[in-house]
J.: 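Here you go, one structure.
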2 protein chains.
Amino acid sequence: MTALGFTQHDHAKCVRSGLAAAEAQCRARKLRLTPVRRRALEILLSEHRALGAYDLLARLSEEGLGSQPPVAYRALDFLVKAGFAHKVEALNAYLACAHLGDDHAPAFLICRACRSVAETATTPRQGRLGAAAEEAGFLIERTVVEAQGLCPACRKAAA
Amino acid sequence: MTALGFTQHDHAKCVRSGLAAAEAQCRARKLRLTPVRRRALEILLSEHRALGAYDLLARLSEEGLGSQPPVAYRALDFLVKAGFAHKVEALNAYLACAHLGDDHAPAFLICRACRSVAETATTPRQGRLGAAAEEAGFLIERTVVEAQGLCPACRKAAA
DNA sequence: TGGCTATTGATATGTTATAACATACAAGGT
DNA sequence: ACCTTGTATGTTATAACATATCAATAGCCA
Ligand SMILES: [Zn+2]
Ligand SMILES: [Zn+2]
Ligand SMILES: [Zn+2]
Ligand SMILES: [Zn+2]
C-alpha cells in the first residue's frame, strides 16, 4: 500500500477501477450508489487533490445534479461513511479513497505548494500514539494522521 | 512527557506555570504578550478542552477585550505561532499547549463524550508516516496527529 | 396494494475564518 | 520633540464550511 498521488501513473485507471470497486462494494453491502453519489465519487477520483464541499457542489451543479449545499454534504457523507472517500481535516476538504476495498486507517501527505494529496496508511494502535493512549487508558476509535509539507516535484522546484 | 488532561491534578498550577512559561518565552524571544493575548492564553489554560474561536471570543468580550471575530483569531494566531497553543484540526478548536517550552510535535487524545483533550507528543519522522514520506520523497514540515475515542472516565461510565 | 424507509428538493440558518481598511501605539533614529 | 517604521487593534463586511428542518418522492418488501 504505497502512496500514490505524487507519481506519474495511468490516472484514467484510478477513476475506472475506483468506480468499479465502489459499485462492487455497494452490491455486496446493499448500499445505493445513486447518480449524485456516483458522480460525486467520480469527480473526487478524477484528481489526487482534496476538494471542498462547495467545489464539489459547483461541479455537480454544472451538470444539473443539485445546487444547494446539502446535496454535496449528503453525497460526501455517504461516500465517507461507506469508506469511498475521506475527509482531510487540516483542509476541511474531501478526497477519494485510494485504497478502496482494503480496510485501512488512512494517513495523508499534503503538499502546501501544489495542494496534491497522497494517501497512505497508519497503524494507529502501534507506535507512539498507541503507546500514549495505552498508558492513559484511552480507547482509540478513529485517528487523524496528516503531514503537511512539500511533495517531490515542489521540493525540486523550490530548490 | 506523559499525557495529562484525563487525570486528577493541581489545575491552578497548570494555569500559573503555563502563563509564567509564556511570559518567560516572550521576554526571551522579544514577543509581546499583550492583554488580549495573555487573557486568551489564560482562558485556554483554564481548561483541558479545546475551545472554538467564538467561545473564546465570547469570554473575551464579557471582559471588554474586544467583540469581533478578528480579535479572537488574531490572539489565537499569535498563540499558535508562538507555540503557546495548538489547533485541534478535527474539532476546529484551540487548546493551550501542555508542554510549553519544550520543542515538540503535538498529538491529541480527544474524548468524544466529555470533549476533554489530552496532549502528548509524536516523532513524525519516525514510524509508518515517516517511512511513507521518505519513500515518496515528501518533505514533512508539520504533522497533525489526533485520536478520537473515549477517555478512561467515560470508558468506565459507558461500561 | 399499502406501509415503511431512504433519498431528494428546497429554504433557512448556524459556525468557522478571513479580507479590507482605518486607527492607535511603541520603538528607534535625527 | 518629531518623524518613520512596524506591530497591534478596531470595525465592517463577507467568504467558506456545515447543518436543521420539513415536505415530496422513489425504492423496497410484506
Ligand atoms: Zn482510503
Ligand atoms: Zn506539490
Ligand atoms: Zn504542545
Ligand atoms: Zn471523556
Side-chain angles (χ1 to χ4, degrees), chain A residues 22-23 25-41 43-44 49-82 84-95 110 112 115 144 146, chain B residues 22 26-27 29-41 43-44 49-82 84-95 110 115 144 146:
Chain A
E23 279 164 0
Q25 290 261 328
C26 284
R27 272 192 302 274
R29 294 159 56 194
K30 303 214 188 299
L31 301 175
R32 294 172 52 192
L33 194 62
T34 62
V36 181
R37 293 168 176 179
R38 191 193 147 91
R39 184 64 187 127
L41 177 57
I43 289 168
L44 292 182
R49 290 171 49 226
L51 289 184
Y54 281 70
D55 296 333
L56 175 64
L57 178 59
R59 306 222 195 166
L60 290 173
S61 131
E62 281 170 10
E63 305 173 21
L65 286 170
S67 60
Q68 300 304 320
V71 172
Y73 282 100
R74 285 165 181 162
L76 288 168
D77 186 59
F78 170 84
L79 295 174
V80 168
K81 280 193 175 131
F84 302 160
H86 303 294
K87 178 172 186 184
V88 181
E89 297 288 353
L91 302 176
N92 290 321
Y94 303 83
L95 184 72
I110 305 163
R112 67 167 157 80
R115 307 186 51 75
V144 174
E146 303 174 0
Chain B
C26 284
R27 272 192 300 276
R29 295 158 56 196
K30 303 214 188 300
L31 301 175
R32 293 175 52 194
L33 193 63
T34 63
V36 181
R37 292 169 175 177
R38 190 194 149 90
R39 183 65 186 128
L41 177 58
I43 289 168
L44 292 182
R49 291 172 48 228
L51 289 185
Y54 282 73
D55 297 334
L56 175 64
L57 178 59
R59 307 222 195 164
L60 289 173
S61 127
E62 282 170 9
E63 306 174 18
L65 286 170
S67 60
Q68 300 304 320
V71 170
Y73 281 101
R74 284 165 180 162
L76 288 168
D77 186 59
F78 169 84
L79 295 175
V80 169
K81 281 195 174 128
F84 302 160
H86 303 294
K87 179 173 185 183
V88 180
E89 297 288 353
L91 303 176
N92 290 321
Y94 304 82
L95 183 73
I110 305 164
R115 307 185 48 75
V144 173
E146 303 174 0

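No hydrogens, no waters, no symmetry mates; every other heavy atom, side chains included, goes into these values. We name chains A, B, ... by the order of the sequence lines, and we start the count at 1 in each one.
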J.: Any side-chain heavy-atom pair from R39(A) and L60(A) closer than 4.5 angstrom?
T.: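 They are in contact (side-chain heavy atoms under 4.5 Å apart), so the answer is yes.
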J.: What's the CZ-P distance between R32(A) and dT8(C), to the nearest Å?
T.: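 Going from R32(A) (CZ) to dT8(C) (P), I get 7 Å.
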J.: With nearest nucleotides of DNA chain C determined for V71(A) and D55(B) from heavy-atom distances, which residue corresponds to the more 5′ nucleotide?
T.: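 Final value for this comparison: V71(A).
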J.: Whole Å only: how far is the CG atom of L51(A) from the P atom of dA18(D)?
T.: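 Answer to the nearest Å: 13 Å.
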J.: If you check every side-chain atom of P70(B), which of dA18(D), dA19(C), dA8(D) has the closest atom?
T.: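 Nearest to the side chain of P70(B) among the choices is dA19(C).
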J.: Starting at CG of L76(B) and ending at P of dT18(C), how long is that distance when rounded to a whole Å?
T.: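 Those two atoms, CG and P, are 11 Å apart.
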J.: Could you check how far CG of L91(A) sits from C1' of dT16(C), rounded to whole Å?
T.: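 Those two atoms, CG and C1', are 15 Å apart.
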J.: NA contact type, Y94(B), heavy-atom cut-off 4.0 Å: base, sugar-phosphate, or nothing?
T.: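 Touches sugar-phosphate only.
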J.: Please determine, for the side chain of N92(A), which listed nucleotide (dT11(D), dC17(D), dA17(C)) has the closest atom?
T.: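 The closest nucleotide is dC17(D).
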J.: Rounded to whole Å, please give me the gap between CD in Q68(B) and C1' in dA22(C).
T.: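 Answer to the nearest Å: 15 Å.
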J.: Nearest heavy atom decides the nucleotide; on that basis, is P69(B) or L65(B) closer to the 5' end of DNA chain D?
T.: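 The residue whose closest nucleotide sits nearer the 5' end is L65(B).
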J.: Rounded to the nearest angstrom, tell me the gap between atom CZ in R39(A) and atom P in dT7(C).
T.: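 Checked: the CZ to P distance equals 21 Å.
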J.: Between D77(B) and K81(B), is there a side-chain N and carboxylate O pair less than 4.0 Å apart?
T.: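 Answer for the salt bridge query: yes.
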J.: Picking from dA18(D), dA8(D), dT8(C), which would you name as closest to the side chain of R74(A)?
T.: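 The listed nucleotide nearest to R74(A)'s side chain is dT8(C).
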J.: Using atom CG of L31(A) as one end and atom P of dC28(D) as the other, report the distance to the nearest whole Å.
T.: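 Checked: the CG to P distance equals 13 Å.
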J.: In whole angstroms, how far is the P atom of dA17(C) from the CG atom of D77(B)?
T.: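 In whole Å, dA17(C) P lies 12 Å from D77(B) CG.
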J.: L57(B) versus Y73(B): any side-chain heavy-atom pair under 4.5 Å?
T.: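 SC-SC contact between L57(B) and Y73(B) ruled out.
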J.: Give the C-alpha distance, both sets of side-chain angles, the deciding distance and a yes or no for side-chain contact (heavy atoms from CB on, under 4.5 Å) between L76(B) and L56(B).
T.: CA-CA 9 Å; L76(B) 288 168; L56(B) 175 64; 3.7 Å; yes
J.: Any heavy-atom pair between the side chains of V88(A) and V144(A) that's under 4.5 Å?
T.: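 SC-SC contact between V144(A) and V88(A) ruled out.
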J.: Nearest to the side chain of T34(B) - dA17(C), dT9(D), dA18(D)?
T.: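 Nearest listed nucleotide: dT9(D).
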J.: Looking only at the side chain of R37(B) (C-beta and beyond, no hydrogens), which of the listed nucleotides dT12(D), dA10(C), dA8(D) gets closest?
T.: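 Within the option list, the nearest is dA8(D).
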J.: Between Y73(B) and dA17(C), is there a contact of a side-chain N or O with OP1 or OP2 at under 4.0 Å?
T.: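 True: Y73(B) side-chain N/O within range (under 4.0 Å) of dA17(C) OP1/OP2.
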J.: Any base atoms under 4.0 Å from K30(A), or only sugar-phosphate, or nothing? Heavy atoms, all strands.
T.: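 Nothing: the residue K30(A), judged by heavy atoms under 4.0 Å, touches no strand.
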J.: Looking at dA18(D), does its base get a donor-acceptor pair with the side chain of Y54(A) below 3.5 Å?
T.: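 Flag set: donor-acceptor pair detected.
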